[in-house]
Structures are given as C-alpha cells and as structure tokens.
Novice: 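Once you've had a glance at the structure underneath, I'll fire off some questions.
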Amino acid sequence: MEVVIVPDAKAGGELIAGAVADLIGRKPEALIGVITGSTPLPIYQALAERVRAGSVDVSKARFAQLDEYVGLPADHPESYRSVLRRECLEPLGVGLDAFIGPDGTATDVQAAADSYDRALVEAGGADLQLLGIGTDGHIGFNEPCSSLASRTRIKTLTEQTRVDNARFFGGDIDAVPHHVLTQGIGTILSARHLVLLATGEQKADAVAAAVEGPVAAVCPGSALQLHPHVTVVVDEAAASKLKLAGYFRHAYDNKPEWQGI
Ligand code: F6R
C-alpha cells in the first residue's frame, strides 16, 4: 500500500485527477468507480478543469457508482445517482449512458444488488476505484464487521454514519435512510487500482486503523491491505495519527518519476 501525504484536499484532488486522466489517456474506455460525499469533490473539480482545458478526453470513459441509498426516489436530490450526476458527470460532460449504478428503488433489493454486481463484472471491473473512508472505518457503506469477502448487497448504516450524513439532509438525522446498497468489500477488491482519499482530522483514527492496524472486519478499510495496488492519499490532518508518516513521506519523495501512483 502506498500512502501519499499531501498538504491539503486540493492537492489530493489534483494528484488523483492526474492519475484518472493518465489512466484514461492509456485506456480511453476505462471504467472509473465513483463515490459521493464531501471528500471526492476536489477530485471531480480538478478532473473537470482538465476536461475544460482539453488535456483529457473522457468521451469514451465509463463510470460506476459505489453505493446507493435504499428507498430514496432516483430523482431525490440526495440519491447518490443525483449527487453523482450533479457533482461528477455533468461537470465532466458525461451522460447517463456511460454510467451504471445499483437500483435503490427496486422492490427486490437483493436481486438489484446481484444484478449490479454482475453488471460490474460484465463491464470488465473497475480500472480505478475511488474511495473515501467513514469515521467508523467504512469503505463504500461496508460498516464495521462487514464480511471482507462480501459482494454488493444491502447494509444497515451505523448511527454514526447517519449522524455524519445528516448534513446532506439539512441536519435532519431522521431524513437519512437506514439502508444502502453497497458494493461489497470483495467487489471493491476486484477493481484494478484502489485510490482512497481522506481529508481532515476527523478521519485520522480511521486512516491509522485502515493503514497500520490489523486486517480485521471491524475496520473495513483495513481490507485494502489485501489488494496489490492501493494508493491512500491523505492530507496532513488525516495523516496525523500515522506512526509511519516519516517513512511514507520518504518513500514518496524518492519514488521513481515514471512510476506514477
Ligand atoms: C460514499 C461512500 C462513503 C464515503 C464516506 C466518507 O459514496 O461510499 O464511504 O466515502 O462515508 O464520506 P465523506 O467524504 O462525506 O466524509
């Protein structure tokens, strides 16, 4: 696992947008796994700037959603399909024809989960999966003690996650759904490159547990240690509890330039 410590969220967004752009340059039809929340916004902004500047052409790229609330109408402003459309796809000039995601409105939720997991496999799997991390260590919405082998399925959010996400629902925790469809940890680990961005002091404990703690379902983010190509990008605050921060800085500063992240 590579850990890159950046000065701030903007620098993290630029670094990751650069990696996405390089990938699309090598493989124009790449499948990019995209996420919601506050963390990825600097990535989408930096990538949109590159599209506007003409330095990357995303017209053949494809995008796949990591997770979705169960029961929110697809056109609800906080459904993850709406959020991704607004914050990621539209700024990039990408239409819904290049986008796949789980159906959080399905009556048969498990069938919808299975069908999305199959769709990801049929699409060739994500070439690069963006990730954030919850304050409780979740990746996607694989909450603590999720199976490390899990595939896409329904999960119940922890109260901590619902409190964290209430800010997107006007601060009203009762408006935050209890359930989500999320790619499982096994599904996430099937992507070819995992890139996790974490910013802010409130993520420092989760980052330390995921990067330096034991691999354990109690911290789903620790499953990243099982993947051969993971890049964890953290700002100074999110890196503040890493014991090996000095080594991570040294390794990145001395990395061969051709290697990229
Ligand atoms: C969102 C997702 C979640 C978030 C995590 C952090 O699609 O899968 O794992 O990445 O909850 O959220 P923020 O970035 O809002 O702190």
Side-chain angles (χ1 to χ4, degrees), residues 6 8-10 12-13 16 32-45 63-70 72 76-89 99-102 104 113 116 120 126 128-146 150-171 173 176-189 191 194-207 209-210 219-224 230-235 237-238:
V6 291
D8 52 30
K10 188 164 189 289
I16 296 172
I32 313 295
V34 287
I35 57 171
T36 58
S38 307
T39 310
L41 298 180
I43 306 173
Y44 301 147
Q45 283 153 11
F63 296 82
Q65 187 174 346
L66 183 59
D67 38 31
E68 181 58 277
Y69 286 121
V70 169
L72 278 193
H76 187 289
E78 291 309 322
S79 80
Y80 283 170
R81 185 181 173 88
S82 299
V83 171
L84 284 168
R85 197 173 175 176
R86 191 168 65 235
E87 290 170 351
C88 173
L89 303 179
F99 179 70
I100 54 172
Y116 184 51
L120 285 165
L128 186 154
Q129 176 65 56
L130 299 175
L131 294 169
I133 191 163
T135 54
D136 64 2
H138 68 225
I139 50 170
F141 279 114
N142 295 283
E143 296 287 28
C145 294
S146 290
S150 49
R151 307 298 303 186
T152 305
R153 70 221 181 289
I154 189 169
K155 286 298 289 182
T156 304
L157 295 176
T158 61
E159 282 306 282
Q160 186 177 334
T161 299
R162 293 183 66 241
V163 168
D164 289 346
N165 285 5
R167 68 190 191 281
F168 298 115
F169 292 83
I173 186 176
V176 183
H178 282 275
H179 297 111
V180 286
L181 278 178
T182 181
Q183 288 187 32
I185 296 176
T187 317
I188 291 170
L189 293 178
L194 303 178
V195 181
L196 184 144
L197 178 62
T199 52
E201 202 270 326
Q202 74 281 9
K203 298 293 175 70
D205 284 321
V207 166
C219 176
S222 67
L224 300 188
V230 177
T231 311
V232 173
V233 180
V234 277
D235 68 0

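Remember, it's 1-based here, ligands and their atoms both numbered in the order they're listed.
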Novice: Kindly determine whether L181 and R153 satisfy side chain to side chain contact (heavy atoms under 4.5 Å, CB included), including the steps that lead there.
Specialist: CA-CA 5 Å; L181 278 178; R153 70 221 181 289; 5.8 Å; no
Novice: Tell me which donor-acceptor pairs under 3.5 Å the side chains of residues 132-140 have, and how far apart each pair is, sequence neighbours excluded?
Specialist:
from	atom 1	to	atom 2	distance (Å)
T135	OG1	Q160	NE2	2.4
T135	OG1	D164	OD2	2.6
D136	OD1	H138	N	3.1
D136	OD1	H138	ND1	3.0
D136	OD2	T158	OG1	3.0
D136	OD2	T161	OG1	3.2
H138	ND1	E143	OE1	2.9
H138	ND1	T161	OG1	3.3

Novice: What distance do K10 atom NZ and T199 atom OG1 have between them, rounded to the nearest 0.5 Å?
Specialist: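 If we round to the nearest 0.5 Å, K10:NZ and T199:OG1 are 14.5 Å apart.
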Novice: Look up atom CG in L130 and atom CD1 in I43, then write down how far apart they are to the nearest 0.5 Å.
Specialist: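 Those atoms lie 5.0 Å apart.
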Novice: Are Y69 and F168 close enough that their ring centers fall under 6.0 Å?
Specialist: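 Not close enough - the centres of the two rings lie 6.0 Å or further apart.
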Novice: Treating E87 as the side-chain partner and T36 as the backbone partner, does any N or O pair qualify as donor plus acceptor under 3.5 Å?
Specialist: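 Pair absent, no side-chain N/O of E87 close to backbone of T36.
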Novice: For ligand 1, which of its N or O atoms have a protein N or O partner closer than 3.5 Å, and how long is each gap?
Specialist:
from	atom 1	to	atom 2	distance (Å)
ligand 1	7 (O)	T36	N	3.0
ligand 1	7 (O)	T36	OG1	2.9
ligand 1	7 (O)	D67	OD1	2.7
ligand 1	7 (O)	D67	OD2	3.4
ligand 1	8 (O)	D67	OD2	2.5
ligand 1	9 (O)	G140	O	2.7
ligand 1	11 (O)	H138	NE2	2.7
ligand 1	14 (O)	S38	N	3.3
ligand 1	14 (O)	T39	N	2.9
ligand 1	14 (O)	T39	OG1	2.4
ligand 1	15 (O)	S38	N	2.9
ligand 1	15 (O)	R167	NH2	2.8
ligand 1	16 (O)	K203	NZ	2.7

